[in-house]
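In what follows, a single structure is set out as structure tokens and then discussed.
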Amino acid sequence: MMGRKRIDLAEIARQAMLDRGLHPDLPREAAAELDRLAGPATPDDDSIRDLRKLPWISIDNDDSRDLDQLSTAERTGERTSLLVAIADVDSLVPRDSALDRHARANTTSVYTPARIFPMLPEKLSTDLTSLNPGEDRLATVAELVVDDEGVLESANVFRAVVRNHAKLAYEPVADWMEGKGREPEAMVAFPPAAEQVRMQDQVARRLRHLRTEAGALDFETIEAKAEMSDGEVVAVRKRRQTRAHEIIEDLMIATNGVTARFLDRKKMPSLRRVVRAPERWERIVRLAEEHGYKLPPEPDSSALEEFLLVQKRTNPTTFPDISLSIIKLLGRGEYVAQKPGAPPIGHFGLAARDYTHSTAPNRRYPDLVTQRLVKAAIAGERSPYSLDELDAIAAHCTAQEDAAEKVERLAVKAAAALHLAPRVGDSFGGVITGASAKGTWVRIFDPPVEGKIVAGERGLDVGDRVRVRLVGTDPERGFIDFARA
């Protein structure tokens with residue numbers, strides 16, 4: 001029985017990918033190309049800097065092996081110089097190669113409880129192009145000089161050889177920072193890592209504070225993680241968001257902004273990640289009114305952030321549910337091609353005028369495209385992509401990202417449906433996360449999973465809190481059905 005569940009969940013995820021136009025298997029031509037790769041990329045230009053001796057560290061999930069970025073900081077007077085290194089994937093996956101075509105087909109890695117479907121095969125993403133500890137790797141590096149107020153004084157992007165000296169994981173680092181746990185082993189083995197975490201935390205806090213003042217939205221959401229043992233789903237728990245997560249999030253947001261502006265300064269087109277002004281602002285206004293807060297009639301990220309801060313302070317227990325409702329009402333992010341010098345659409349949620357995706361080229365195709373643009377800009381070469389080509393890539397990446405997210409949600413729900421099957425008839429508290437002609441959706445609080453309300457859904461809207469009864473599950477289709485209680 002346990003083996004059957006494991007096999008079923010992996011096959012459910014694989015079939016879901018096929019159903020949504022994604023490619024779970026590596027094509028023969030790409031596999032042959034992979035076999036010919038003998039080792040990691042080596043410097044091919046005298047201008048590439050040797051920065052291997054700097055105290056580079058990585059912080060990622062405990063089980064992550066596809067390491068895309070490293071960071072290091074140095075304090076000088078009243079400012080901090082921060083370096084963020086991004087794995088040079090392009091050097092082993094050139095444009096229009098068989099491996100590139102496969103990556104472009106899917107555009108992203110797909111993470112499911114029973115199996116991971118990497119955008120690039122593991123020989124690359126977890127080895128030859130991963131910034132693994134103790135290994136020399138090519139990288140593109142963003143340099144940010146930040147003052148004590150969090151203001152970015154200067155920035156640059158260049159190529160370098162780097163070496164990861166400490167592979168750290170989010171939760172042990174967070175426990176150590178909060179005084180709840182001992183110093184992680186990788187930190188003990190590389191003593192400069194402790195000071196690096198402290199310095200990078202300080203810079204990240206300053207950057208976040210400045211973003212918040214500009215109107216960036218500070219959410220706290222609950223994500224479900226299915227835990228498996230010997231192929232059986234043993235629990236569905238909340239993913240813990242820690243201060244260590246926030247360090248990397250803040251540094252990557254800053255790096256993405258620097259990269260977008262670097263390309264624009266070099267008269268290079270770019271792929272931008274945008275979130276337009278929310279179409280359902282009137283529902284956000286009503287939701288705020290239900291919590292005793294008045295928002296302006298037109299979309300205003302600063303006013304919305306003030307509402308979120310008030311709710312986080314006064315209603316910490318329900319704040320994740322409010323956050324989820326606002327995220328659903330903001331609408332989806334998308335990729336667009338940006339002509340150099342043209343007015344950008346911007347990212348409403350981050351209150352950012354210039355924003356791209358650049359920090360995960362092993363996992364996301366837009367980041368690999370951006371890396372090629374960055375390397376061309378550094379070399380003073382013409383863009384490797386025309387604006388029309390970037391338009392097509394942007395539309396394709398947006399569509400495939402949506403497909404991948406649906407696969408991931410279905411896979412988690414399939415695992416959750418297996419876990420909840422014995423509890424048909426039980427009642428749960430929840431919050432409405434979607435309401436449209438397609439149906440009404442609820443996320444229950446414990447375990448934190450989402451399902452469809454198939455009876456009694458009339459009159460419900462995003463953000464409403466409800467009591468529901470589990471009426472059925474169908475793991476193969478990822479269905480979890482509730483009736484309003």
Side-chain angles (χ1 to χ4, degrees), residues 208 211-224 238-239 241 246 249 274-334 345-352 402 405 409 427-469 480 482-485:
R208 178 173 288 252
R211 284 205 326 274
T212 300
E213 287 189 337
L217 306 180
D218 184 15
F219 294 114
E220 179 184 327
T221 58
I222 294 173
E223 292 184 37
K238 301 174 185 176
R239 286 187 185 272
Q241 182 73 11
E246 291 182 353
E249 178 182 308
V274 306
V275 173
R276 301 173 192 271
E279 295 179 0
R280 296 203 63 193
W281 181 256
E282 77 289 342
R283 173 56 185 157
I284 295 175
V285 171
R286 292 202 307 274
L287 189 63
E289 287 175 349
E290 292 169 11
H291 290 83
Y293 196 91
K294 186 173 179 60
L295 288 172
E298 297 299 323
D300 184 323
S301 63
S302 294
L304 181 56
E305 171 61 6
E306 179 60 31
F307 164 64
L308 291 170
L309 288 174
V310 170
Q311 294 305 308
K312 188 173 186 177
R313 184 171 61 250
T314 60
N315 300 304
T317 303
T318 60
F319 181 65
D321 304 320
I322 296 170
S323 291
L324 179 64
S325 300
I326 298 295
I327 289 171
K328 295 281 187 177
L329 293 165
L330 283 178
R332 294 185 53 78
E334 60 185 293
I345 296 171
H347 194 298
F348 184 87
L350 296 174
D402 181 58
E405 288 181 359
R409 286 200 301 269
S427 62
F428 304 83
V431 60
I432 300 301
T433 58
S436 69
K438 295 180 179 179
T440 300
W441 306 88
V442 61
R443 181 182 60 75
I444 61 174
F445 300 136
D446 187 20
V449 299
E450 191 176 57
K452 187 176 185 179
I453 299 182
V454 297
E457 72 276 16
R458 183 170 302 214
L460 293 173
D461 205 346
V462 175
D464 292 341
R465 295 170 71 86
V466 292
R467 194 81 186 166
V468 293
R469 180 170 52 85
I480 302 173
F482 296 98
R484 190 173 180 181

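When a residue number appears, it is its place in the shown sequence, counting from 1.
Using a 4.0 Å cut-off between charged nitrogen and carboxylate oxygen, Arg208 and Glu249 count as a salt-bridge pair. Using a cut-off of 4.0 Å between Lys/Arg side-chain N and Asp/Glu carboxylate O, Arg484 and Asp464 are scored as not salt-bridged. Here Lys312 does not pair with Glu305 in a salt bridge; the nearest charged N to carboxylate O distance is not below 4.0 Å.
Note that CG of Asp446 and CD1 of Ile444 are 7.5 Å apart. Values are rounded to the nearest 0.5 Å. The CD1 atom of Ile322 lies 4.0 Å from the CD atom of Gln311; values are rounded to the nearest 0.5 Å. If you take CZ on Phe482 and CD on Glu457, they are separated by 14.0 Å, rounding to the nearest 0.5 Å. Distance check, rounded to the nearest 0.5 Å: OG1 of Thr314 to CZ of Phe319 gives 9.5 Å. Atom CG of residue Leu330 and atom NZ of residue Lys328 lie 12.0 Å apart, to the nearest 0.5 angstrom. The structure places CD of Glu282 at 10.5 Å from CD of Glu298, a figure rounded to the nearest 0.5 Å.
A 4.5 Å side-chain heavy-atom check between Arg280 and Asp461 finds at least one atom pair inside the cut-off.
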Between Leu287 and Glu290, does a side-chain contact (heavy atoms from CB on, under 4.5 Å) hold up when you go through it step by step? CA-CA 5 Å; Leu287 189 63; Glu290 292 169 11; 3.7 Å; yes

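For the pair Leu295 and Ala288, the tightest heavy-atom approach, listed with the atom from each and the gap, is CD1-CB, 3.6 Å. Between Ser325 and Gly463, the shortest heavy-atom distance links the atoms OG-CA, 3.1 Å. When every heavy atom of Ile480 is checked against every heavy atom of Glu450, the shortest pair comes out as CD1-O, 3.9 Å. Between Ala435 and Val462 the shortest heavy-atom distance is N-CG2, 4.0 Å. Across Thr433 and Val442, no two heavy atoms sit closer than the pair OG1-N, 4.1 Å. Across all their heavy atoms, Ala485 and Arg469 have their closest contact at CB-N, 4.4 Å.
Taking the six-membered ring where the residue is Trp, Phe348 and Trp281 present perpendicular rings, their angle passing 60° and hence far from 30°.
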